[in-house]
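Worksheet for the structure shown next.
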Protein chains: 2
Amino acid sequence: MSAMVGRKRGFDRDEVLDQVTRAFWRDGFQATSVADLTGTTGVNPPSLYAAFGDKRALFAEAVARYQATYGAFTARALEEEPTARQAVERILTEAAIEYTTPDRPKGCLILSSPELHDLRDQARQAFEAKIRHDVATGALPAGTDVRRLALFVAATVRGMSSLARDGATREELRDVARTALSAWPAPVA
Amino acid sequence: MSAMVGRKRGFDRDEVLDQVTRAFWRDGFQATSVADLTGTTGVNPPSLYAAFGDKRALFAEAVARYQATYGAFTARALEEEPTARQAVERILTEAAIEYTTPDRPKGCLILSSPELHDLRDQARQAFEAKIRHDVATGALPAGTDVRRLALFVAATVRGMSSLARDGATREELRDVARTALSAWPAPVA
DNA sequence: TCCAATCTGTAACGACCACTACACAACGGC
DNA sequence: GCCGTTGTGTAGTGGTCGTTACAGATTGGA
């Protein structure tokens with residue numbers, strides 16, 4: 001065991017990380033200053049730096065927290081739904097809800113941050129894998145353009161997040177999701 | 001006529017404005033510093049401020065220039081094509097090209113800039129008007145949800161711009177456009 | 001040729017940026 | 001009580017931000 005000696009931290013690390021996550025989510029990495037963060041959290045700079053490291057490390061941890069909480073619904077759907085069609089339907093439906101939840105920043109942190117290109121690429125690869133699996137099992141026609149379909153889903157989710165950031169309502173996003181789903185290829189009955 | 005007296009400007013105002021437009025387009029308003037602009041244009045701060053005003057005014061003029069040139073294809077399609085379907089097909093097809101033109105920033109300046117929410121709303125209203133006209137003339141079914149269809153087009157274009165910024169190819173965007181178009185309601189034959 | 005007007009380059013302004021040195025407060029172990 | 005350790009608050013660091021004061025250069029008009 002470690003020494004566990006010294007003055008105790010005067011704030012809840014998880015709670016502060018959540019406030020930081022929401023700040024980055026709302027305004028982005030660049031537009032959120034450390035002064036903003038110390039203001040909203042009430043934690044002074046030295047304590048913030050001691051607990052999380054510099055601004056980039058804090059952002060990285062905020063993004064990780066976002067993925068594990070607010071943004072986890074996508075990975076959950078891909079894991080739990082049996083077919084790509086069901087997973088995509090659930091993702092788009094839940095995105096309409098998640099992107100417009102009151103008392104939260106609108107849209108998706110990862111889709112809104114230019115610097116998170118790699119995470120977006122991972123998401124697209126996950127879509128591709130799910131669709132490819134359906135083609136392999138015969139749930140989708142053999143000739144299906146896997147990459148194309150994955151890109152269309154990626155584009156739809158990005159479009160929904162962008163509209164949410166501009167103030168689109170939950171119902172409007174749900175309608176966008178339904179319209180997009182009507183472009184999904186007919187299943188092999 | 002004005003006096004036309006005094007030392008002449010030592011740079012081409014239009015050329016400099018184009019360079020500024022591309023800088024804002026590539027990096028956004030916040031991330032592009034005045035020092036960046038003086039660096040890329042070779043124009044010193046006092047000359048830049050004398051010619052364009054402060055940074056916000058310069059950005060506004062760059063956006064206006066973008067709308068009149070690189071981003072004009074959307075308004076052109078809405079004006080020139082007879083039906084909403086044809087206009088949207090042309091917009092999506094040309095967006096795939098415009099958003100991936102070599103030696104240019106990728107994607108759309110207006111869709112990438114959080115501060116241009118009003119211009120995006122104007123674009124959505126223009127889509128709506130075009131679609132509503134088709135419903136009125138019978139080119140689209142009477143029960144068509146105009147707002148819903150316009151939002152879907154807006155979402156698709158935003159998604160394509162976002163994908164382009166992340167490095168999607170022209171062909172990938174074209175495929176996204178085609179997939180989205182397959183969700184368009186059947187015309188009243 | 002001298003003036004008034006306009007533009008240009010240098011060099012700075014105060015404000016904010018991310019970040020930290022330092023002294024002090026609060027803790028567990030002895 | 002005293003010590004070593006760790007967190008906290010104050011008050012700064014050097015650097016970059018958008019912006020401009022100022023002096024010199026260049027122009028057309030008188």
Side-chain angles (χ1 to χ4, degrees), chain A residues 1-65 109 113-116, chain B residues 1-65 109 113-116:
Chain A
M1 295 294 294
S2 63
M4 283 301 295
V5 52
R7 181 171 173 174
K8 288 176 183 170
R9 185 181 285 128
F11 57 92
D12 185 325
R13 195 179 187 279
D14 273 3
E15 184 185 344
V16 165
L17 182 56
D18 184 61
Q19 294 169 332
V20 167
T21 301
R22 286 163 176 262
F24 280 135
W25 186 359
R26 184 161 56 96
D27 300 323
F29 175 75
Q30 307 198 58
T32 305
S33 72
V34 176
D36 291 335
L37 298 176
T38 60
T40 59
T41 62
V43 176
N44 288 325
S47 301
L48 208 57
Y49 278 80
F52 298 103
D54 67 9
K55 192 189 174 189
R56 292 217 81 89
L58 178 51
F59 180 67
E61 198 164 345
V63 170
R65 185 195 159 83
L109 166 63
S113 302
E115 42 278 297
L116 298 181
Chain B
M1 294 293 293
S2 61
M4 283 301 294
V5 51
R7 180 169 175 176
K8 288 176 182 170
R9 184 181 286 129
F11 57 92
D12 185 325
R13 194 178 187 281
D14 274 3
E15 184 183 345
V16 164
L17 182 56
D18 184 61
Q19 294 170 331
V20 166
T21 301
R22 286 162 176 263
F24 280 134
W25 186 1
R26 184 161 56 96
D27 299 325
F29 175 74
Q30 308 198 56
T32 305
S33 71
V34 175
D36 290 336
L37 298 176
T38 61
T40 59
T41 62
V43 177
N44 288 326
S47 302
L48 207 59
Y49 277 80
F52 299 103
D54 67 9
K55 192 190 175 189
R56 293 217 81 89
L58 178 50
F59 179 68
E61 199 163 344
V63 170
R65 185 195 160 83
L109 166 61
S113 302
E115 42 277 300
L116 299 180

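Since this is a predicted model, take the numbers as computed values, not measurements. All chains are named by letter (A, B, ...) in the order of the sequence lines, taking the proteins before the strands, and each is independently numbered beginning at 1.
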| message | Counting C-beta onward and ignoring hydrogens, is there a side-chain heavy-atom pair between V20(B) and F52(B) closer than 4.5 Å? | response |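 Of all side-chain heavy-atom pairs linking F52(B) with V20(B), none is under 4.5 Å.
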| note | In terms of heavy-atom contacts, W25(B) and L109(B) come closest through NE1-N, 3.4 Å
| said: On a heavy-atom basis, which atom in A23(B) and which in T32(B) lie closest, and how many Å separate them? | reply: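 Residues A23(B) and T32(B), closest heavy atoms: O-OG1, 3.4 Å.
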| query | Distance-only, no hydrogens or angles: does the N44(A) side chain make a donor-acceptor pair with backbone N or O of P46(A) under 3.5 Å? | reply |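 Such a contact is absent between N44(A) side chain and P46(A) backbone.
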| query | Does F29(A) offer a backbone N or O that forms a donor-acceptor pair with the side chain of K55(A) under 3.5 Å? | reply |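 Yes; judged by distance alone, with no hydrogens or angles, the pair exists.
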| message | Does either side chain, that of D18(B) or that of T21(B), offer a donor lying less than 3.5 Å from an acceptor on the other one? | response | no
| field | Heavy atoms of other groups near R9(B) CZ, more than 12 under 6.0 Å | value | yes
| message | Measure CG/N44(B) against P/dA23(D) and give the value in whole Å, please. | response |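 Value for this atom pair: 18 Å.
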| query | Could you give the distance from OG1 (T41(B)) to CG (L17(B)), rounded to the nearest 0.5 Å? | reply |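 Output value for this atom pair is 11.0 Å.
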| task | Quick one, give me the B/S/- string for nucleotides 14-21 of chain C, reading 5' to 3', where B means a protein heavy atom under 4.0 Å from the base and S means that only happens at the primed atoms, P, OP1 or OP2. | result | ---SSBBB
| query | Hey, can you pull the residues of residues 6-25 of chain A with a non-hydrogen atom under 4.0 angstrom from DNA chain C? | reply |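 The answer is G6(A), R7(A), K8(A).
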